[in-house]
*Asks:* 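One structure, as structure tokens, below. Some questions next.
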Amino acid sequence: MEPKTTDLTQLFGSMVFNEDAMRQYLSSNSFAAWKACVENHTALDLSIANDIADAMKHWAVERGATHYTHWFQPMTGYTAEKHDSFITPAPGGKVLLEFSGKELVRGEPDASSFPSGGLRATFEARGYTAWDPTSFAFLRDNTLYIPTVFCSYSGQVLDKKTPLLRSMEEVSRQAVRILRLFGDTETSRVIPQVGPEQEYFLIDEKDFAKRMDLRLCGRTLFGAPAPKGQELEDHYFGAIRPRVAAYMQDLDRELWKLGVLSKTKHNEVAPCQHEMAPIYTDANTACDHNQLTMDVMKKVARKHGLVCLLHEKPFAGINGSGKHDNWSLATDSGDNLFKPGKTPSQNARFLLFLAAFVKGVDEYQDFLRCTVAFAGNDHRLGAQEAPPAVVSIFLGDELTAVVESIIHGTEYADPGKRALRVGVDVMPPIPQDNTDRNRTSPMAFTGNKFEFRMLGSSQSIAGPNIALNTIMAEELEQFADELEGADDFNGALAELIRRVFTQHQRIIFNGNGYEDAWLQEAARRGLANLTSTADALPAYTAEKNVALFTRHGVFTREEMAARQEIHMENYCHVLSIEANTMLDMLRRDILPAASAYAGALNRRALGHTSSSCRYENATAARVSDRTDALLAVCDKLEEDLKAAPGEAEARMTYFHGVVLEDMTAARTLADQLETLVERTFWPFPSYSDILFYM
Ligand code: ADP
Ligand code: MG
């Protein structure tokens, strides 16, 4: 039951069994036990779990719940749920509503069909889900949702949440070691903070229903450019139209009820494209909330007769959708470790964390690239609208000047100033750098956080954040090992920072990432340019990457091999579905339409006795040329699909090379036909119908 109030403070979190609700519904004893379990990351006692389950059930049933589900994040990148009702038979043909601690803590979905990359032998095909007590349960559609992790019986990880939680532990442990060196005796945890900006398209459901490609693939596989695109930039930050405004209002309310801190909304560059950004939270909650946000976005759209497209590239020639993963580290008292400080010591700390980040991104650039490598994102990265496929870090002019002064021991900024001495001097104020406005950098420092901009709009943010956390843990561990043994801390610190910036300078780039000159420069610097999923994914299990994740206990070697295989298979599945959808639309819609039109033109020409019928004859000939060519491409695509090899990497390479090329050829011809065939003959809504419906 939604509170009948316009008071947002009441509405917010009203569907969440949050700390407040727990305090109200739990005995003070159980509440304290839960709190201790979350703070110290210890296991819950079964008697406490029983109490919490009972309280959760009461809270949920009072609000109309009939079912509960363990909600988990398998390797598909989506969320999964299996609903059980609370009812248990009672004497006299009645039922009781029951929910025990055992059911709260552990569930056993019959989940053998989720991709596991060969990790689960058939005899132990079932995995189990286990409650993540650090993430609040919530209520949706009369079901109590319990956020859980998902593992196999032999303990192998089958989901995205478990490694995320592990990586958060690791980076916390190492960051606290560093803080101790700076005399911080208070901080007991350091928590990655994440704010993901989510882009999406909204289109009319009538158009969606008429296009099989949108329905099955989430993107258009065909479509000639509309006469008008985004060139006037009249949509970007433009006034939000009433229909969309109503949607956004509804979306905000739904998200607020679920405790999602939805904060900003605006129109994006492309027509029909919009963005929503939440206020940042810890990485685990941010990941849960982003999954929830994507789901709620789609559901709310249907209520407004709209469809929300989360695909990275729904329309060719129009900007695609990404997700900016804003990431920083904060202490448990809320002190942001990426905030340039006001004292020499705070600055030294900032520079040390910055150095760790720069070193880590340089050393693991290939892995970071892998975390955003999938079929949908291949349409964006490296194109002129999204970051290039080369990973680099934007620091802005001021901070770069500081880094250079440290490297060279020379003066920074205004001539006449001394070199900045780490731990002795105060840094100049670091403004949010305006030179970054063109947004071409894949990883930008934006004042007190890094903005990782290579993510695709549809993807789970878990993978990139697992990587960022683990990479930081590794670098901070190396730094702590070195500095803990130093006799002169300040001297060793200054030396370390200078050395690291010197060795990893190549990853810093403040210029325009869209220019070819940058790609040439990046090659000279030895930076990886992995232009597609097929190019990137082999690096996933490079020995240094396996060493990183196994050393920190985030993945085992087998889990990494399994994940790589799942990503490769997923790429081939997506392309195979797209290719088959294309074939279906070509053979059953496009070719028949073109043929019918050519036939009509020929009949019209025959019917005319008084004119030379140049238009009819010439157009019919052009249409026939294309349909002949298109038929040949269809046959080739069909044959090539059959000939795909079975082994995962070879198959991926084959789909990327052979199948994708056929698909491109088919699309080119079909789009030419669309511009030739009379409007009433064309079987689907065009780009101008879809994008300019408002
Ligand atoms: P932009 O210019 O990219 O739109 P915003 O200031 O709107 O930047 O912030 C974008 C996102 O960054 C928001 O989700 C915000 O909550 C998040 N964010 C802000 N500060 C931090 C931080 N310290 N750590 C992580 N995320 C942050
Ligand atoms: Mg941003």
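Positions are given from 1 along the sequence. Just so it is clear, the structure is predicted and the values come from calculations on it, not from any experiment. Numbering of ligands and ligand atoms starts at 1, following listing order.
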*Asks:* Looking at ligand 1, does any of its N/O atoms fall within less than 3.5 Å of an N/O of S328?
*Replies:* yes
*Asks:* Can you list the ligand 1 atoms lying under 4.0 Å from a non-hydrogen atom of E451?
*Replies:*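 Matching atoms, with element in brackets: 3 (O).
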*Asks:* Check this for me: does any side-chain nitrogen of one of E197 and K265 sit under 4.0 Å from a carboxylate oxygen of the other?
*Replies:*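 Looking at E197 and K265, the cut-off is not met.
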*Asks:* Compare Q198, M276, H324, K449 and give the one whose heavy atom is closest to atom 8 (O) of ligand 1.
*Replies:* K449
*Asks:* Between R349 and Q346, is there a side-chain donor-acceptor contact under 3.5 Å, judged purely by atom types and distance?
*Replies:*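 There is no such pair (donor and acceptor under 3.5 Å, judged by atom type) between the side chains of Q346 and R349.
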*Asks:* Going by the order shown, which atoms of ligand 1 are within less than 4.0 Å of some heavy atom of G195?
*Replies:*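 Matching atoms, with element in brackets: 14 (O), 26 (N).
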*Asks:* What I want to find out is whether D295 reaches R140 closely enough, with some N-O distance under 4.0 Å, to be called a salt bridge.
*Replies:* yes
*Asks:* Just jot down the ligand 1 atoms closer than 4.0 angstrom to any heavy atom of N336, in number order.
*Replies:* 23 (N)
*Asks:* Within the distance-only criterion (no hydrogens, no angle test), does the side chain of N319 pair as donor or acceptor with the backbone N or O of A270 below 3.5 angstrom?
*Replies:*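 Such a contact is absent between N319 side chain and A270 backbone.
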*Asks:* When K359 is tested against each of Q503, E475, H504 for side chain to side chain donor-acceptor pair (under 3.5 Å), which residue passes?
*Replies:*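 It is E475; the other options fail the test.
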*Asks:* I'd like to know if the side chain of N326 and the backbone of F450 have a donor-acceptor N/O pair within less than 3.5 Å.
*Replies:* no
*Asks:* Do any nitrogen or oxygen atoms of V194 lie less than 3.5 angstrom from nitrogen or oxygen atoms of ligand 1?
*Replies:*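 In this structure, V194 places no N or O atom under 3.5 Å from an N or O of ligand 1.
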*Asks:* Heavy-atom contact under 4.0 Å between E197 and ligand 1?
*Replies:*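 It does, in that a heavy atom of E197 comes within the 4.0 Å cut-off of ligand 1.
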*Asks:* Is R551 salt-bridged to E477, going by a charged N under 4.0 Å from an acidic O?
*Replies:* yes
*Asks:* N/O of W327 under 3.5 Å from N/O of ligand 1, yes or no?
*Replies:* no
*Asks:* Do N326 and ligand 1 have an N or O pair less than 3.5 Å apart?
*Replies:*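 Yes, N326 has an N/O under 3.5 Å of an N/O on ligand 1.
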*Asks:* Any idea which atoms of ligand 1 are less than 4.0 Å away from a heavy-atom of I279?
*Replies:* 16 (O)
